[in-house]
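The structure under discussion appears below in the form of structure tokens.
All values reported here derive from a predicted model rather than from experimental measurement. The first residue of the sequence shown is numbered 1, and numbering continues consecutively from there.
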Amino acid sequence: MAACSVEELLAKAEQEEAEKLRSITVHKELDLDFDVGSLLACDKNRIESRDFRGQKKEDFLRALARDNTQLLINEIWKLQTERVEEAIVAKLPEPSTRLPREKAPLKPRPPTKWEQFAKLKGIQKKKKTNLVWDDTAKEWRRRWGYKRAKDNTKEWLIEVPETADSNEDQFSKRTRAKKERVAKNELNRLRNIARAQKVKSPGVGLLPKAQQSRDELAQAVSVARTSTASAGRFQDRLAKEKAPRNSGKRRKFEPLIGDFSSERQKQLELLKVLDSRRPKLDITKAVNAQMRQEDREEAAAKHGRKGGKGRAGRGGKMAGRRGKRGKAEGGRGGGKKRGKPGKR
């Protein structure tokens with residue numbers, strides 16, 4: 001009995017060990033193609049339709065994914081490993097498969113104008129310390145921010161310059177000047193970025209001037225019109241106001257992904273027109289062109305007839321006027337023409 005029980009225990013232990021080994025051992029008719037650098041495994045084995053139909057689709061796909069993932073992990077464990085902070089890490093090789101990507105890789109940022117100047121002059125960037133000595137407080141304070149050194153905004157008294165107005169608030173003037181400096185620095189920063197990327201610098205609207213030109217006034221009107229919630233779509237125009245620039249219809253491109261049925265139909269129609277020997281005749285367009293030509297000819301003929309009558313009528317009236325004038329002169333002169341001296 002003891003011998004039988006020992007044999008049974010050994011058989012059971014062997015069966016459990018076989019089940020554990022079977023969990024990491026996968027048999028395939030064709031070996032998979034691995035690209036461990038990209039963590040990619042390509043399975044070229046044929047899928048039996050009977051097994052796919054006999055089992056549930058989700059269970060079959062889950063089992064297939066599990067087996068292929070196990071084979072990929074087995075390939076990873078064949079690589080060189082090392083221990084990093086109580087974890088075993090495998091060093092992956094360079095990927096051998098070129099995977100497509102939707103967008104192009106990012107280009108390196110071009111140097112700014114200051115970086116180019118610093119490189120030309122050999123200026124190296126030096127990191128400033130965060131703490132500086134404040135002579136007023138007699139302690140080390142931060143260079144920027146809250147409780148900074150040499151903070152003139154905490155002064156309760158400001159000396160009024162001799163050239164300034166005595167009634168002007170110097171505290172509000174200092175605050176306003178600081179806001180203007182911050183805005184100017186931000187504008188210069190945006191312009192540097194635009195110049196580095198070779199794009200148009202951001203507009204600042206219509207700057208205050210003594211006299212604005214015609215183009216500047218038109219630009220100000222366009223900015224004011226498009227500053228509404230509808231971007232100027234429902235704004236009324238003046239009597240002789242021209243249409244703003246760049247306000248026409250923009251060209252729309254078809255999406256790169258999605259349904260391509262419309263594009264396919266367009267290509268088929270284009271091929272049908274190119275393949276046909278006779279050019280495609282638009283009957284409606286041809287009839288309209290013929291009707292317009294006939295209307296132009298009829299209008300030209302009618303205008304020519306009216307012009308001839310008008311000239312003849314004007315000539316008749318002038319002749320009548322001359323005749324009446326001659327009769328009047330003849331009546332005044334007694335019916336005889338007065339000759340020139342020396343002639344009979």
Original post:
Are more than 12 heavy atoms from other residues, nucleotides or ligands located less than 6.0 Å from atom CD of Glu297?
Top reply: yes
**OP:** Could you walk me through whether Glu75 and Lys78 pass the salt bridge (Lys or Arg N to Asp or Glu O under 4.0 Å) test, one step at a time?
**Re:** CA-CA 5 Å; Glu75 291 293 327; Lys78 294 179 182 179; 3.3 Å; yes
**OP:** Check whether any side-chain heavy atom of Asn74 lies under 4.5 Å from a side-chain heavy atom of Val26, and answer yes or no.
**Re:** no
**OP:** Taking all non-hydrogen atoms of both residues into account, name the closest pair between Ile123 and Phe117 and its distance.
**Re:** CD1-CE2, 4.1 Å
What pairs of donor and acceptor atoms, side-chain ones from residues 168-176 against any protein atom, are under 3.5 angstrom apart with sequence neighbours left out?
residue: Asp169; atom: OD1; partner: Phe171; partner atom: N; Å: 3.2
residue: Ser172; atom: OG; partner: Asp169; partner atom: O; Å: 3.0
residue: Arg174; atom: NH1; partner: Asn152; partner atom: O; Å: 2.5
residue: Thr175; atom: OG1; partner: Phe171; partner atom: O; Å: 3.0

Original post:
For Asn130, what residues pass the side-chain hydrogen bond (donor to acceptor under 3.5 Å, both in side chains) criterion, not counting sequence neighbours?
Top reply: none
**OP:** With the side chain counted from C-beta on, respond yes when Arg189 and Glu186 share a heavy-atom pair under 4.5 Å apart, and no when they do not.
**Re:** yes
**OP:** Taking the side chain as every heavy atom from C-beta outward, state whether Arg142 and Leu131 have any pair of such atoms under 4.5 Å apart.
**Re:** yes
Original post:
Should we say atom CG of Leu268 is surrounded by more than 12 heavy atoms from elsewhere, each under 6.0 Å from it?
Top reply: yes
Subject >> Whether over 12 other heavy atoms sit under 6.0 Å from Gln124 CD >> reply: no
Subject >> Sequence-distant partners of Lys179, side-chain hydrogen bond (donor to acceptor under 3.5 Å, both in side chains), two or more places apart >> reply: none
Original post:
Shortest non-hydrogen contact from Lys28 to Asp43?
Top reply: NZ-OD2, 3.3 Å
Original post:
Atom NZ in Lys266, atom CG in Leu271: separation rounded to 0.5 Å?
Top reply: 14.5 Å
**OP:** Establish whether Ile158 and Val160 are linked, either directly or via other cluster members, by ILVMFWY side-chain heavy-atom contacts under 4.5 Å.
**Re:** no
Original post:
For Gln293, does the CD atom sit with more than 12 other heavy atoms under 6.0 Å from it, leaving out its own atoms?
Top reply: yes
Original post:
If you group Ile, Leu, Val, Met, Phe, Trp and Tyr by side-chain heavy-atom gaps below 4.5 Å, do Leu92 and Trp77 land in one group?
Top reply: no
**OP:** May I have all residue pairs that pass side chain to side chain donor-acceptor pair (under 3.5 Å) and include part of residues 98-114, sequence neighbours excluded?
**Re:** Arg109-Glu115
Original post:
Would you say Asp67 and Gln70 make side-chain contact, with heavy atoms under 4.5 Å?
Top reply: no
Original post:
If you take all heavy atoms of Arg148 and Arg143, which pair is closest and at what distance?
Top reply: CB-O, 3.9 Å
**OP:** Inspect the surroundings of CG in Leu106 and state if more than 12 heavy atoms from other residues, nucleotides or ligands are less than 6.0 Å away.
**Re:** no
Original post:
Considering only heavy atoms from C-beta outward, does the side chain of Arg296 approach that of Arg292 to under 4.5 Å?
Top reply: yes
Subject >> Transitive ILVMFWY side-chain link Ile73 to Leu79, under 4.5 Å >> reply: no
Subject >> Any side-chain donor near an acceptor of the partner, Asn192 and Arg195, under 3.5 Å >> reply: yes
Donor-acceptor pairs under 3.5 angstrom involving side-chain atoms of residues 32-41: please list them, not counting sequence neighbours.
residue: Asp33; atom: OD2; partner: Lys44; partner atom: NZ; Å: 2.8
residue: Asp35; atom: OD1; partner: Ser96; partner atom: N; Å: 3.2
residue: Asp35; atom: OD1; partner: Ser96; partner atom: OG; Å: 3.2
residue: Asp35; atom: OD2; partner: Ser38; partner atom: OG; Å: 3.2
residue: Asp35; atom: OD2; partner: Ser96; partner atom: N; Å: 3.4
residue: Asp35; atom: OD2; partner: Thr97; partner atom: N; Å: 2.9
residue: Asp35; atom: OD2; partner: Thr97; partner atom: OG1; Å: 2.8

Original post:
Which hydrophobic side chains are connected to Val132, either touching it within the sub-4.5 Å cutoff or through other members that do?
Top reply: none
